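Below is one structure; the comments refer to it alone.
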Amino acid sequence: MLISRKLPLAAALLTIMSIGASSIVSLQIGSSAVNEKIVEKLEAVVDGRRNQLETFLANLQQDLTATSQNNLMRIALEGFKYDWGFLGADVSPELKRRYITENPFPAGERQKYDTAQKPDAAKISSYDQTHERYHGQLREMASSRGWEDFYLVDMNGNVMYSVNKYDDYASNLRSDAMKGTGLGQVFQGIVGDNVTDRTVFADYEPYAPINGQPAAFMGHALNSQMGMVGVIIIRVPSGKIADIMTNTAGLGETGETVLLNSDGYLISDSIRTPANDMLAVRIDSDVQRNARGSSVVVGSLEGYRNMDSSVAMTGVKFDGADWTVAALIDKSEAGASMVMMRNAILGVALLLLLGALAVSIWFSRSLTKPIEALVDNMRRLAEGDTSIELAGENRKDEIGEMVRSVAVFRNAAIEKVELEREADDNRSQTEKRRQDREAAKAEETRLMQQAVDSLADGLHKLSEGDLTIRLETPFIDSLDRLRLDFNASVEKLNETLSDVTENIHGINGDTGELRAAADDLSRRTEQQAASLEQTSAALDEITATVKNSSERADEATSKVAEAKQSTDTSSKVVSQAINAMGRIEEASGEISKIINVIDEIAFQTNLLALNAGVEAARAGEAGKGFAVVAQEVRELAQRSATAAKDIKGLINKSGEEVKSGVTLVRETGEALSMIAEHVTAINDQINSIATAAREQANGLTEINSAVNQMDQVTQQNAAMVEETTAVTHRLTSGAASLEGLVRQFTLTGGSRPVSVSAQASMPGPAKHTSAPAAPKPAARPKAVASAVGESTSNSRPVQSPARNMLNTVARAFGGGKSNNPTAASQDDWEEF
Amino acid sequence: MQETANNNVATSGYLEIISFHLGKQVFCVNIMSVREIRGWAPSTTLPHSPPHVLGVINLRGSVIPVIDMAIRLGLPAIKPTERSAIIVTNIAGKLVGLLVENVSDMITVKNADLQPAPDVLPAAERALTKAIIPVDEQMICYLDLDALFSTEDEMAA
């Protein structure tokens, strides 16, 4: 089977399997979830209804119990009992006639009839009066509590009073007709069993007085201090129970709640059916039998209202009644959402399947199409067709890899054909080139021979001194450079010899100038020697001066040292002065203390004098003399106090003076130490001046020796001038002989060198050169010889003595800080 | 001082007084009321005493109260120093110390020089000043110690 079929099939199968499995699982989960939800809902509803019902019944019991304890009931019953005795033997037919048959209101509204007493009647019935008295209150009580009827019964079973006046009114509950009814059962249950402290209940049963409709009764004993005096009985309000049970909220279209008695008969009318179902319809189910307890039982129910329904039931226990509350809902309605879910899943699954098929077909096409094309191309390549087009080389997948591999095969085939064709071409070209080379070689040999001949001719002419020869015929390319070089060489030689001729003329002129210059130099050398003598004398004077200043500097140094010692001594004196001042301050403090003591004594004395004065005054005439003395003492004390105050002021003032004195002395000390510092600085300066003077003296000594050296050199210069003159003459004769040599060559342009015989004919001075004669050779022969040697060798530089001298002086005055001593030392005598 | 100083001011023509300073003001008391003059010594404060009662001191075994005269006379309080003095007076048989800034002098004046205090104060305050004595350009306020002390009793009561 082809891949293009396999792939879609596999995809469809996978899709069906996966969707199928997931759909089944989700449907199952969904189904169980929905079921669980419905069950929960039914359970909740049934539980709620049961609670409501129990609350309602409990309230009913409480109401009845409360009513039985109301004195009004007992009083009313006693009243009715009393009136009952006056109604004769046929009391029941009489009352039925008054309140039922002669009641102007129809059955069901008879309670509106307050009394049978006619206003115009001659005879007054006490029962009617009692009835009129209590009926309004009792009717109001019954209707406000929802009771369907309300009875007052005496201990003999006579129904003394009924609110609604049905046929049971005025009957006897012990009679055969009433004994079996719910009303009779309640009466029997209370009176027969003497139940005084709780309610008695009779379950729903068809009740004849209300046309056989179901009715339930509840009664309670009416107790007095003597014991039970009667019974009150109510007909249970079925309407209220129906209101509770017909609430179908949350139960959908078919759901409802119903109340069942112990035999399974409905005792509440189903809201879903038009007919009255009370005690008519029966639900016979295991669920109901299991649901007697308070727990909720869940199950399914068939047959009720012709449907298959889910049901939840729970029991209601109440005062002997054994009821069951059932909540039910049609299974088809409950499952409706499941069906919708299944359909939706199937629809989505179909769509997914179609989508998967389409995608897989497209995908397999995209795979198989390039593979088919590739297979076709490979077959053609195998048959030798290299012109195939390969599509999809850029694909990133395995097909791309395959296409690229096939492309490599195709390229290899193309390359192979190309290589074979190139090899054939190469072979034929090599053969042709070989023949061409042989022909060229024969031509080249011929041309070369021609060139060699021509060159040999040219060289021959050159050897004869002819510099006009030129090779005009061109040689073969490889040798033509030889010809051009030959021509250039001859040309260059020709030019050189012409230049040589001209230079000889130049040399002849220069030699004359040289001679004049040598004479000039000789004269100046003599002048220099005289200047040197004068310089030497001046230097001696400077040396003496410098030595003198050096001595003065030394003297200044010793003076400065003395000054420094003086300032040190002064510093010590200053610190002693400061100490002395401190002591003065201390002494002042002591004096102040003493003065304070004196002041205190004066004060005390004053007080004593005052006291003495006081005593004297008190003594009267006898103390008069004593008073005078006391006054004197007081004045003395006051004077001494004043004196003490003055002294204290003076001491304070002197203390301040001492303080300012200390400050001044301290400032003096600082000034002295500053002077000492300055003296030290001056000492340093003078020391450096002395050093400088010593160095100056040294420098002058060196200058002296340099001047001597300069004198020697001047002598050597004089000798040198003589030598120069001799060399000049030798140069002139050399130039003449050189011209003769040049004249042997024939030069282009026909120019002959000018004769130099005019200069060459003066060989006299030239001959002198061989015997050097200086103006003052005898004075310094050794110096001359060395000077000649130096001038001929012309290689050894001599240090300039004058420069040397300048350096020395500079060093002396600059404290040895010559800027460039090495540069100076490299300068040589030749520059001078 | 030349004449006899007598307790009975009315009969003798002279009066002997002791003057003292409170701030810049000069006051005086009759010398016969004075028992003794002492230098200042710290006093023992009494609980709940009025501000002018400084406390009590021991005067040779007997306890006497000390009154700050500056506060008593309604002047700014003085700060006691070593040069302050306590004038111990005998007022109606009781010893009372008066703290003053310093005792300046013992003076004998003529009764004729006593001048009545101006009539501008309420009677209770005016009773404190018995007279004004001008001496050497300064005005000395002559205090009635009995009045001072009787008012003191009223105030204390």
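Worth saying up front: this structure is predicted, and the values here are computed from it rather than measured.
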Problem set entry | Nearest-0.5 Å distance, CG of residue A/L610 to CG of residue B/D105 |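 A/L610 CG to B/D105 CG: 8.0 Å, rounded to 0.5 Å.
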Problem set entry | From CE (B/M106) to CG (A/N611), nearest 0.5 Å | 9.0 Å
Exercise. Is there a donor-acceptor pair under 3.5 Å between the side chain of A/R618 and the backbone N or O of B/S33?
Worked result: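 A pair under 3.5 Å: no.
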For this session: Pick one of side chain, backbone, both or neither for A/Q604, based on which atoms fall under 4.5 Å of a heavy atom in chain B.
Result: neither
Seminar exercise, completed: Counting heavy-atom pairs under 4.5 Å with chain B, the top scorer among A/A630, A/A609, A/G613 is A/G613
Exercise. Taking every heavy-atom pair that is under 4.5 Å apart, which of B/V103, B/N102, B/V34 has the most such pairs with chain A?
Worked result: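 Between B/V103, B/N102, B/V34, the count favours B/V34.
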Problem set entry | Heavy-atom side-chain contact between A/V614 and B/E16 under 4.5 Å | no
Surrounding [atom1] of [X] (heavy atoms of other residues, nucleotides or ligands, distance under 6.0 Å), is the total greater than 12?
X: A/M674; atom1: CE; answer: no
X: A/E635; atom1: CD; answer: yes
X: A/F56; atom1: CZ; answer: yes

Exercise. Is it the side chain or the backbone of B/R38 that comes within 4.5 Å of chain A heavy atoms, both, or neither?
Worked result: backbone
For this session: Evaluate the criterion side chain to side chain contact (heavy atoms under 4.5 Å, CB included) for residue pair B/E36 and A/E615; output intermediate values, then yes/no.
Result: CA-CA 8 Å; B/E36 187 180 343; A/E615 289 298 328; over 6 Å; no
Problem set entry | Set of side chain to side chain donor-acceptor pair (under 3.5 Å) partners for B/S104, sequence neighbours left out |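 B/S104 satisfies side chain to side chain donor-acceptor pair (under 3.5 Å) with B/S19 once adjacent residues are dropped.
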Problem set entry | Distance-minimising heavy-atom pair for B/I31 and A/A617 |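 Taking B/I31 first and A/A617 second, the nearest heavy atoms are CG2-CB, 3.7 Å.
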